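As structure tokens, the structure follows; a few thoughts come after it.
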Amino acid sequence: MAKVIYVVGNAKNVGKTTVVKHLLKEMNKICVTSIGFDGEETDTITGSPKPLVELKQGDFVLTCERFLNGSHFSIIEAVDENPLAGTVFLAQSILPTSVMIAGATPKAIEIASKKDCFETLIVDGALDRLVHAGFIEDAHIIFVIGTQQGETELQRSIERVLGAIQIPLAPLFVKEIFKNCTGVCGLKSDGTVRKFGSSLLDITISKHEKYEWLFVSGALLEEAVKKLGRTKLCISNPFSFFGNPSKFDNIYTMKKLQLDRVYVNLFDKLWLKDKVLNIVKSFGYDVCDILFADSQEG
């Protein structure tokens with residue numbers, strides 16, 4: 001099974017694709033994909049220039065059929081259907097080429113990760129799209145920090161991501177009980193499981209009913225955790241929690257993720273550098289300047 005690395009950022013245009021390009025150059029037996037639209041010359045939302053995703057001969061790509069130049073790739077197989085973008089194919093480059101990577105579904109990523117024709121699968125994608133798309137079990141994370149956010153929002157984003165990585169894995173018996181659950185479900189001490197509804201916003205839990213655990217498959221807000229007191233909460237993946245996980249010790253995750261590296265892109269706000277570095281180091285992580293990755297491309 002391939003090692004899966006998600007490259008995520010605190011905002012758009014922070015340098016995720018620069019990091020992906022660096023990984024493509026330094027690694028062999030690699031596949032690259034994206035759940036968003038990357039590889040076009042300009043960003044489809046902001047209109048700002050975007051770097052092309054360039055592949056070496058022999059690299060693999062997981063993308064939609066309409067983005068593949070048939071003369072540059074050998075098609076391996078159709079992996080899944082994206083209702084918006086069409087068929088998602090796994091292909092191998094037969095010569096050095098550039099490509100748009102877009103539209104991979106969570107199912108396609110999971111299927112591709114089980115292939116033995118490459119060792120590493122890189123997923124270039126926006127964090128909040130991935131929250132709802134889901135993560136592969138035991139996936140690795142590279143976090144890219146940019147300055148598109150204001151100072152307060154930037155701090156919250158960093159605390160949310162780095163705190164999420166440290167959310168503990170739920171006990172095995174809890175994972176087994178909730179593995180096929182959706183919406184909000186409660187587990188009583190006698191083993192009884194109750195399905196409440198699709199969202200915490202839509203349900204009322206009686207004070208007379210005591211639940212050992214609550215499972216939330218969608219987003220979990222900090223305000224909701226405070227209202228639920230000491231009830232143990234289990235979420236589908238650590239980034240489903242929107243808040244600072246470091247404030248709580250009763251949140252658990254169905255999927256544990258690993259942080260490989262943190263990059264910072266602070267070119268235009270160097271005065272923020274010390275603050276960002278101190279926040280990251282307070283969680284026990286080191287920081288790489290994105291200029292390092294950029295300089296390794298030539």
Side-chain angles (χ1 to χ4, degrees), residues 2-27 30-56 59-69 72-73 75-93 97-113 115 118 120-136 139-144 146 148 161 237 239 257 260-261 263 265 290 293 297:
K3 175 182 179 180
V4 180
I5 302 176
Y6 293 90
V7 181
V8 302
N10 64 301
K12 287 186 65 64
N13 299 317
V14 297
K16 298 190 307 297
T17 305
T18 295
V19 173
V20 170
K21 289 173 66 178
H22 169 59
L23 295 174
L24 283 167
K25 283 190 173 291
E26 74 172 6
M27 292 181 173
I30 192 169
C31 179
V32 64
T33 191
S34 173
I35 60 168
F37 285 79
D38 294 282
E40 63 272 57
E41 293 182 3
T42 58
D43 187 278
T44 54
I45 295 176
T46 66
S48 58
K50 290 179 66 68
L52 292 174
V53 177
E54 299 176 355
L55 303 181
K56 305 183 298 295
D59 286 343
F60 291 83
V61 64
L62 185 66
T63 192
C64 290
E65 179 181 17
R66 62 193 178 103
F67 305 133
L68 289 170
N69 182 333
H72 291 188
F73 290 93
I75 304 298
I76 307 299
E77 64 178 289
V79 180
D80 194 24
E81 289 292 327
N82 183 321
L84 297 178
T87 305
V88 182
F89 278 90
L90 176 65
Q92 185 176 25
S93 61
T97 186
S98 59
V99 66
M100 179 186 291
I101 48 173
T105 62
K107 179 181 177 182
I109 293 171
E110 184 173 7
I111 292 172
S113 71
K115 302 295 181 182
F118 50 84
T120 307
L121 174 60
I122 305 295
V123 183
D124 183 350
L127 178 60
D128 289 329
R129 286 199 300 263
L130 286 167
V131 167
H132 302 293
F135 289 81
I136 300 295
H140 296 249
I141 303 294
I142 292 179
F143 182 36
V144 187
Q148 281 73 1
V161 172
N237 73 73
F239 292 125
L257 307 176
D260 276 9
R261 200 175 304 169
Y263 281 101
N265 178 359
I290 201 168
E297 293 185 18

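Predicted, not measured: the structure shown is a model, and the values here were computed from it.
Taking CD1 of Ile111 as the reference point, atom CG of Asp80 lies at 5.5 Å (rounded to 0.5 Å). Between Leu24 atom CG and Ile30 atom CD1 the span is 4.5 Å, to the nearest 0.5 Å. Summarising the geometry, atom CD1 belonging to Ile109 is positioned 5.5 Å from atom OG1 belonging to Thr33; distances are rounded to the nearest 0.5 Å. Taken from CD1 in Ile35 to CD1 in Ile101, the straight-line distance is 11.0 Å, to the nearest 0.5 Å. Interatomic distance, CD1 of Ile136 versus CG of Asn237, reported as 11.0 Å (0.5 Å rounding). Taking NZ of Lys16 as the start and CD1 of Ile122 as the end, the distance is 14.0 Å to the nearest 0.5 Å.
Here the closest non-hydrogen pair linking Val88 and Gly103 is CG2-O, 3.6 Å. Residues His140 and Asp260 come closest through the heavy atom pair ND1-OD1, 2.8 Å. Among all heavy-atom pairs drawn from Lys56 and Met27, the shortest one is NZ-O, 2.9 Å. Considering every non-hydrogen atom in both Cys31 and Leu62, the closest pair reads SG-N, 3.9 Å. Looking at every heavy atom in both residues, Gly9 comes nearest to Phe143 through C-CE1, 3.9 Å. Closest approach of Ser113 and Val4 over heavy atoms only: CB-CG2, 3.7 Å.
In this structure, Asn82 contributes its side chain and Ala104 its backbone to no donor-acceptor pair below 3.5 Å. Side chain of Ser34 to backbone of Ala102: no donor-acceptor contact under 3.5 angstrom is found.
Annotation: side chain of Met100 is not in contact with side chain of Val53 (no heavy-atom distance under 4.5 Å). Contact of the Val144 side chain with the Ile290 side chain is registered, since non-hydrogen atoms from C-beta on lie closer than 4.5 Å. At a threshold of 4.5 Å between non-hydrogen side-chain atoms, the residues Leu23 and Val7 count as touching. Contact check for Thr18 versus Tyr263: no side-chain heavy atoms found under the 4.5 Å cut-off. Inter-residue side-chain proximity for Val61 and Ser93 is flagged as unmet; no heavy-atom pair is nearer than 4.5 Å. In this structure, the side chains of Ile141 and Phe239 come closer than 4.5 Å at one or more pairs of heavy atoms.
Atom CD of Gln92 has more than 12 heavy atoms from other residues, nucleotides or ligands within 6.0 Å.
Remark: Phe89 engages no residue in a ring-ring contact (aromatic ring centres under 6.0 Å, His included) (not counting sequence neighbours). Under the side chain to side chain donor-acceptor pair (under 3.5 Å) criterion, Thr97 pairs with His72, not counting sequence neighbours.
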(request) Check the pair Thr17 / Asp124 against side-chain contact (heavy atoms from CB on, under 4.5 Å), numbers first and verdict last. (result) CA-CA 7 Å; Thr17 305; Asp124 183 350; 3.2 Å; yes
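Classified by interplanar angle (parallel below 30°, tilted 30° to 60°, perpendicular above 60°), the ring pair Phe135/Tyr6 is perpendicular. Under the 30°/60° scheme for interplanar angles, the aromatic rings of Phe118 and Phe60 are found to be tilted.
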